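Order of the sequence lines fixes the chain letters, A, B, ..., with proteins taken first and strands second; residue numbering starts at 1 for each chain. What you are looking at is a predicted structure, and each value in this text was computed from that prediction instead of being measured.
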Amino acid sequence: MNEERPEPAHRKDGCRLAEALLFASAEPLAEDFLQQRMPEGVAVGEVLAELVRAYDGHGVNLVRVGAGWAFRTAPDLAGRLRREVDVPRRLSRAAVETIAIIAYHQPATRAEIEEIRGVVPGRGTMDMLFELGWIRPHGRRETPGRPLQWVTTEAFLDHFGLASLDDLPGLEELRASGLLDPVPEFGSDPEPEDNGG
Amino acid sequence: MNEERPEPAHRKDGCRLAEALLFASAEPLAEDFLQQRMPEGVAVGEVLAELVRAYDGHGVNLVRVGAGWAFRTAPDLAGRLRREVDVPRRLSRAAVETIAIIAYHQPATRAEIEEIRGVVPGRGTMDMLFELGWIRPHGRRETPGRPLQWVTTEAFLDHFGLASLDDLPGLEELRASGLLDPVPEFGSDPEPEDNGG
Amino acid sequence: MNGGPERGDEGLLLSLDGYQGPIDVLLDLARRQEVDLVRISVLQLADQYLAFLAASPDLQRSADYLVMAAWLVWLKSRLLLPEDEEDEPVSAEEMAEVLRLRLRRLEAMQQAGQRLLDLPRLGRDRFARGMTDEVADIARTRHLATLRDLLRAYANRRMRQQDASLSIAPPRLHSVRDSATLLRRILGVSTRWHRLFEMVPAGTGGGLEIRSAIASLFAASLQLAGDGEVELRQDRPFGEIELRGTGRREEET
């Protein structure tokens with residue numbers, strides 16, 4: 001935005017408006033939402049790219065959060081801002097395991113979570129993650145009982161500073177190692193899906 | 001901040017930190033407060049002057065507010081940042097219950113809602129849900145009085161992040177997720193921040 | 001990872017702080033062996049684990065252990081009992097392999113969870129705009145209500161309603177009395193053996209309805225047999241149940 005190169009006034013106007021909208025909102029704004037507010041002929045994608053560039057290196061950055069965008073303070077300032085604000089409550093170990101399983105295995109059913117953790121999840125755990133807005137129900141597994149499936153939300157991405165689920169730490173290795181595959185049940189029939197681990 | 005002129009690293013660092021602090025703060029920040037956080041030898045006055053200059057012409061400006069400083073959206077954009085919808089920030093309990101009942105029992109008549117809630121839904125409640133675009137009439141029930149039936153809309157699914165009505169958990173699933181536990185704690189704040197330590 | 005078990009000579013001193021549940025104990029046991037799981041005795045592992053469960057005062061706080069405990073007991077039984085002809089033979093090695101995979105899977109998720117927690121988190125390391133009131137209505141509809149609000153409202157309403165009154169729509173079920181009438185009608189005019197399943201009236205719906213039809217027919221047939229109105233026979237356990245009329249009812253009435 002500081003660039004001196006001439007550009008159509010409406011492009012610059014779009015930039016300023018997007019900047020103000022994003023700045024004013026605590027939550028990520030969907031690209032669609034922003035596009036609807038752009039002046040005639042201005043593609044929000046370009047505007048966002050320009051803003052990302054303009055804020056690069058600043059104390060505040062424009063980041064992608066799933067299908068949305070938000071201004072967030074730069075991660076490297078973490079330690080120096082921390083004491084000014086409340087720290088989110090500590091997550092129980094059960095909650096951490098459960099959110100990890102849902103994040104990496106999604107969509108995941110309760111039975112799968114239970115399977116991996118080896119314990120019946122306490123009622124509070126799922127509800128807490130739900131209350132935090134990190135998980136939501138999404139479709140049903142077409143197996144007997146049609147269990148509800150759970151996926152992570154945009155708020156989850158936002159909280160952990162992930163642009164998309166592909167950015168989950170270590171996702172590639174975990175996939176490659178086969179640890180995200182369904183485990184071969186045995187005792188039941190020898191399943192066709194048998195990942196040699 | 002984008003200027004190419006060389007400046008000491010700690011001056012730039014001070015700028016970034018001030019920027020982040022001002023962005024994240026819920027209130028204007030006093031110069032003293034900021035000065036205490038500046039790196040050794042950096043005068044907050046210069047930092048603020050630089051930020052004011054950097055944000056000049058942007059959609060967001062750094063302005064003096066009373067005794068402190070704050071980022072504010074540019075005044076000329078004010079009109080375009082507002083949406084017309086004038087709705088309360090939080091839905092009333094009556095409204096949440098009503099939309100929930102319609103979602104689960106659709107098509108639902110007012111009499112059915114009343115039967116479950118034990119109260120006749122006020123016209124205001126239904127009107128509001130209608131204005132939000134969450135419900136729409138859907139034919140009449142072929143019973144005496146031919147009451148209007150209500151169903152939920154796409155906008156409803158959108159708002160609640162549901163792919164389809166099938167994503168609504170059944171009672172058993174609600175129970176398993178801990179949502180059916182006693183002590184109805186309606187309207188509890190779903191904020192992640194909770195300084196539990 | 002927090003709170004592993006104390007490394008004691010007794011071998012099974014778990015620190016209850018970090019202790020969460022069955023697989024964790026197994027993980028500890030497995031790590032403690034400091035050998036590849038495949039090479040240690042699964043049986044021994046199962047024994048140690050079950051012994052731990054039996055001894056642990058921590059057990060009382062959970063029905064949680066059931067999943068893993070049941071699985072392990074089953075595992076142990078497979079090793080101890082002669083193999084069922086129909087089942088694939090499973091070697092101890094294969095079991096160890098499956099067990100190892102399970103443990104690795106949990107461990108991977110524990111580590112993944114930790115890596116998530118170490119990311120710069122919103123509200124702790126990274127911050128959103130603090131001052132949002134000035135343009136509060138930009139994305140305001142997001143704040144109207146969450147899905148959780150909605151589900152809670154519904155769940156609580158339904159709970160209260162269930163406490164107050166419960167009205168059940170009449171399901172299409174077959175009563176024993178109707179079934180008895182039906183059996184009398186058919187068996188009164190026929191003396192051959194009939195299979196019980198033949199008696200299910202045509203047009204009976206599936207699911208609960210047909211199950212209720214069969215159950216009531218069976219109950220009715222027992223009742224009629226008790227009264228001497230019909231005879232029942234069954235060749236072998238779980239075999240077909242057949243019945244025929246004795247003609248006694250006409251005499252009585």
Side-chain angles (χ1 to χ4, degrees), chain B residues 20-28 70-73 77-78 81-91 93-101 103-104 115-118 132 134 155 159-162 167-169 171 173-175 177 179-188 190-193, chain C residues 2-3 17 20-21 61-64 66-67 113 116-171 207-208:
Chain B
L21 285 166
L22 288 161
F23 172 81
S25 168
E27 288 155 32
F71 279 117
R72 285 289 153 88
T73 51
L77 295 173
L81 298 181
R82 305 217 155 250
R83 292 174 81 198
E84 287 74 56
V85 233
D86 192 26
V87 283
R89 199 174 169 78
R90 271 203 163 272
L91 283 190
R93 174 171 173 161
V96 177
E97 282 183 9
T98 304
I99 185 67
I101 292 166
Y104 273 90
E115 197 181 306
I116 296 176
R117 292 196 55 226
L132 280 169
W134 290 358
H159 178 89
F160 290 98
L162 297 166
D167 286 357
L168 288 172
L171 280 185
E173 285 159 329
L174 289 172
R175 189 173 286 122
S177 315
L179 280 163
L180 255 182
D181 279 352
V183 196
E185 198 197 331
F186 180 78
S188 67
E191 297 289 315
E193 279 79 19
Chain C
N2 55 348
D17 266 352
Q20 285 278 318
R61 80 175 154 109
S62 58
D64 300 355
L66 277 174
V67 181
L116 278 178
L117 292 188
D118 292 343
L119 290 173
R121 292 163 63 187
L122 191 68
R124 187 191 68 180
D125 309 308
R126 292 154 47 251
F127 296 89
R129 180 83 202 277
M131 213 178 303
T132 51
D133 281 349
E134 55 175 324
V135 247
D137 50 4
I138 284 184
R140 190 188 249 185
T141 52
R142 284 162 185 263
H143 296 287
L144 284 174
T146 66
L147 182 58
R148 185 171 175 276
D149 294 338
L150 181 92
L151 298 181
R152 267 195 101 91
Y154 182 71
N156 291 323
R157 198 31 96 180
R158 284 296 300 261
M159 284 299 273
R160 256 174 279 162
Q161 198 196 16
Q162 279 177 0
D163 289 347
S165 71
L166 186 65
S167 69
I168 301 173
L208 186 59

What's the spacing between C:Asn156 CG and B:Arg93 CZ if we round to 0.5 Å?
-> 7.5 Å
Check the pair B:Phe23, C:Arg129 against side chain to side chain contact (heavy atoms under 4.5 Å, CB included), reporting the backbone distance first and the verdict last.
-> CA-CA 5 Å; B:Phe23 172 81; C:Arg129 180 83 202 277; 3.8 Å; yes
When every non-hydrogen atom of B:Arg117 is compared with those of C:Arg157, the smallest separation belongs to O-NH1, 3.3 Å
Search all heavy atoms of C:Leu150 against all heavy atoms of B:Phe160 and return the closest pair with its distance.
-> CB-CE2, 4.1 Å
Taking atom NE2 of B:His159 and atom OG1 of C:Thr146, what is their separation to the nearest 0.5 Å?
-> 8.0 Å
Atom of C:Leu151, atom of B:Tyr104 and distance for their closest heavy-atom approach | CD2-OH, 3.3 Å
